[in-house]
Amino acid sequence: MKNFLTSIGFIFCLLQIGNAQKNTINDLDNILNQVEIDTIAKIERLAAFEFHHLLNNYRKQQRKQALDFDEIMWIAARNHNLYMKAAGDLTHRENMNQTNLSQFTTGNYPSERVDFAAADKEVYISSGGENCLYNYSFYGNNYVEIAKNMALAAFNQWKGSPGHHENMLTENYKKHGIAFTYDGGTVWATNVFSRGIFYKGNEIVADTKVPVPTSTNKTAEKPKRIHIYKVKNELQHTLEQEILAATSSKFSKKLTEQANIAARKLAYNKKLKAETDDPVLLNELQTHTVSKWWGLIKKQVSVYCLVLETSPEAFDLEKMQQEVQQYLLENQSFTKKKKHGTGVMVSKRKNILRITLVSMAV
């Protein structure tokens, strides 16, 4: 074992300069190629997957939903490990103003660090949590044994801490990314959790190939699945950002709530039926006058409604985003409007997807 660890340490000294840099999802292929030739990188990656299985087995025992392993969040966690290693500090915050650490900083908060890891692929990260630690768990007779020891030590360490344990079992978390970084004796680890990470356009990593401890004979491909809630959030977030960028109106929480209610009603309106092959069922702009304070204050509310239908097989999220965005910016009147709110609803009935948009501007 001593000879094995000595040789590993020598390899680590040769390669640590190349590995000690912050990365984005655009570097994923290069990182995985490095894993194939760098023993330390291979151990760190294997430890992440070992922990992933330990965590999901534990969540299943506690009757919680298993988490998906997300590559962007893995890179974000890996970047934060490098920061803590350089700073010599166990922390959830990164000092963005400290010059000697600027080459390692990727964001003050976990969500900002995930944004950095996503690079030019714009994402919406639903709030989550972050676990960090350091320990001295790098030991074993071979790289598999070392990886398992690292994963188990981190699992037990966080399990024994109430706050970290709560993150491990939070019911509505859906994704996580854990990374380990070896530092010549010290092991740094970061685990980022999220209720969801929604991508603008196609998903950057559709299915991470996570090795499983036991072999499986299941080779059949899964049918195409469209997550209604995910599509709704992506569309709504994209539209809000585009409106803010293209107009001078400000986002209104109250108008958004009203628009969402209206979009929900339209989504299940049985009177809206396709009479031709045109996918557009409704495309109209109306203006209403709203009176307040016994008629002393009158405001004009511009309401734009759009209803589209398509089949799940023909559905393409990126094209749908562009199409809905184009309809909205061409038809809705944002001129001289101070506030706006958008409501989106995605519903599925039989083999038809209905995308409903309601935009309100005052």
Side-chain angles (χ1 to χ4, degrees), residues 122-124 198-202 226-292 297-349 351-362:
E122 294 182 36
V123 299
Y124 164 68
F198 307 112
Y199 305 84
K200 282 187 169 184
N202 295 327
I226 297 176
H227 300 280
I228 302 298
Y229 181 75
K230 175 181 173 182
V231 171
K232 172 194 176 325
N233 277 279
E234 289 191 42
L235 281 173
Q236 188 156 359
H237 177 71
T238 301
L239 292 172
E240 288 172 358
Q241 294 302 311
E242 292 299 331
I243 293 171
L244 289 172
T247 71
S248 58
S249 64
K250 296 181 180 179
F251 170 79
S252 168
K253 184 177 180 181
K254 185 175 181 180
L255 286 175
T256 297
E257 290 174 353
Q258 294 174 354
N260 273 315
I261 293 172
R264 216 163 14 242
K265 290 180 180 178
L266 272 181
Y268 298 105
N269 188 337
K270 294 182 180 180
K271 293 181 180 179
L272 287 174
K273 294 182 180 180
E275 298 180 358
T276 64
D277 293 334
D278 190 350
V280 181
L281 302 190
L282 181 65
N283 182 21
E284 67 175 16
L285 175 67
Q286 296 181 347
T287 302
H288 305 289
T289 301
V290 178
S291 297
K292 292 185 177 180
I297 299 178
K298 293 185 178 180
K299 290 184 178 180
Q300 281 194 332
V301 182
S302 175
V303 182
Y304 173 65
C305 300
L306 174 69
V307 181
L308 302 171
E309 283 191 346
T310 184
S311 66
E313 292 75 22
F315 179 78
D316 184 300
L317 180 56
E318 187 172 5
K319 290 182 180 179
M320 182 60 67
Q321 285 176 334
Q322 294 173 353
E323 188 174 352
V324 173
Q325 176 185 323
Q326 183 177 352
Y327 273 112
L328 176 61
L329 294 178
E330 285 181 356
N331 293 280
Q332 172 65 291
S333 175
F334 290 107
T335 308
K336 297 181 181 180
K337 301 296 182 182
K338 295 182 180 180
K339 296 181 180 180
H340 78 268
T342 56
V344 175
M345 184 65 189
V346 179
S347 56
K348 183 180 179 182
R349 185 168 52 189
N351 199 39
I352 296 295
L353 275 177
R354 177 176 287 189
I355 295 88
T356 308
L357 164 70
V358 175
S359 171
M360 296 184 178
V362 176

| message | Measuring only between side-chain heavy atoms, which start at C-beta, is V280 closer than 4.5 Å to Y327? | response | yes
| Near Q326 CD, under 6.0 Å, is it more than 12 heavy atoms from other residues, nucleotides or ligands? | no
| task | Grab the two heavy atoms, one from M345 and one from A267, that are nearest each other, plus how far apart they are. | result | CG-CB, 3.4 Å
| query | Which is it for Q236 and T256 under the side chain to side chain contact (heavy atoms under 4.5 Å, CB included) test, yes or no, and what are the steps along the way? | reply | CA-CA 10 Å; Q236 188 156 359; T256 297; 3.5 Å; yes
| remark: Of all heavy-atom pairs linking L285 and S302, the shortest is CD1-OG, 3.2 Å
| said: For a side chain to side chain contact (heavy atoms under 4.5 Å, CB included) check, start with the C-alpha distance between L306 and L328, then their side-chain angles and the critical distance, and finish with the verdict. | reply: CA-CA 8 Å; L306 174 69; L328 176 61; over 6 Å; no
| query | Which pair of heavy atoms, one from K348 and one from P312, lies closest together, and at what distance? | reply | CE-CG, 4.1 Å
| For the atom pair CG (L281) and CD (E309), what is the distance rounded to the nearest 0.5 Å? | 4.0 Å
| said: Using side chain to side chain contact (heavy atoms under 4.5 Å, CB included), reason through K265 and T356 one step at a time and then give a plain yes or no. | reply: CA-CA 9 Å; K265 290 180 180 178; T356 308; over 6 Å; no
| said: With a 4.5 Å cut-off on side-chain heavy atoms, are I228 and L353 touching? | reply: yes
| note | Between N269 and R354 the two heavy atoms that sit nearest each other are O-NH1, 3.2 Å
| said: So, taking the atom named NZ in K232 and the one named CG in N260, what distance separates them when rounded to the nearest 0.5 Å? | reply: 4.5 Å
| query | Which of these, Q322, Q321, E318, sits in a side-chain contact (heavy atoms from CB on, under 4.5 Å) with T238? | reply | Q321
| task | Give, for atom NE2 of H237 and atom CD of E242, the distance between the pair rounded to the nearest 0.5 Å. | result | 9.5 Å
| said: Distance check, rounded to the nearest 0.5 Å: M360 atom CE versus Q286 atom CD? | reply: 10.5 Å
| said: Checking the side chain of Q332 only, and the main-chain atoms of S359 only, is there a donor and an acceptor separated by less than 3.5 Å? | reply: yes
| remark: Scanning both residues in full, the closest heavy-atom pair of E284 with Y304 reads O-CD1, 3.1 Å
| request: Under the side chain to side chain contact (heavy atoms under 4.5 Å, CB included) rule, what do C305 and L266 come out as? Steps first, then yes or no, please. | output: CA-CA 9 Å; C305 300; L266 272 181; 3.9 Å; yes
| said: Quick one, T310 and M320 - any side-chain contact, counting heavy atoms below 4.5 Å? | reply: yes
| request: Nearest 0.5 Å please: distance from the OG atom of S249 over to the CG atom of L244. | output: 7.0 Å
| message | Tell me the closest heavy-atom pair linking L239 and Q325, and the distance in Å. | response | CD2-CA, 3.7 Å
| note | Distance col, row T247:OG1 vs L329:CG, nearest 0.5 angstrom, shows 8.0 Å
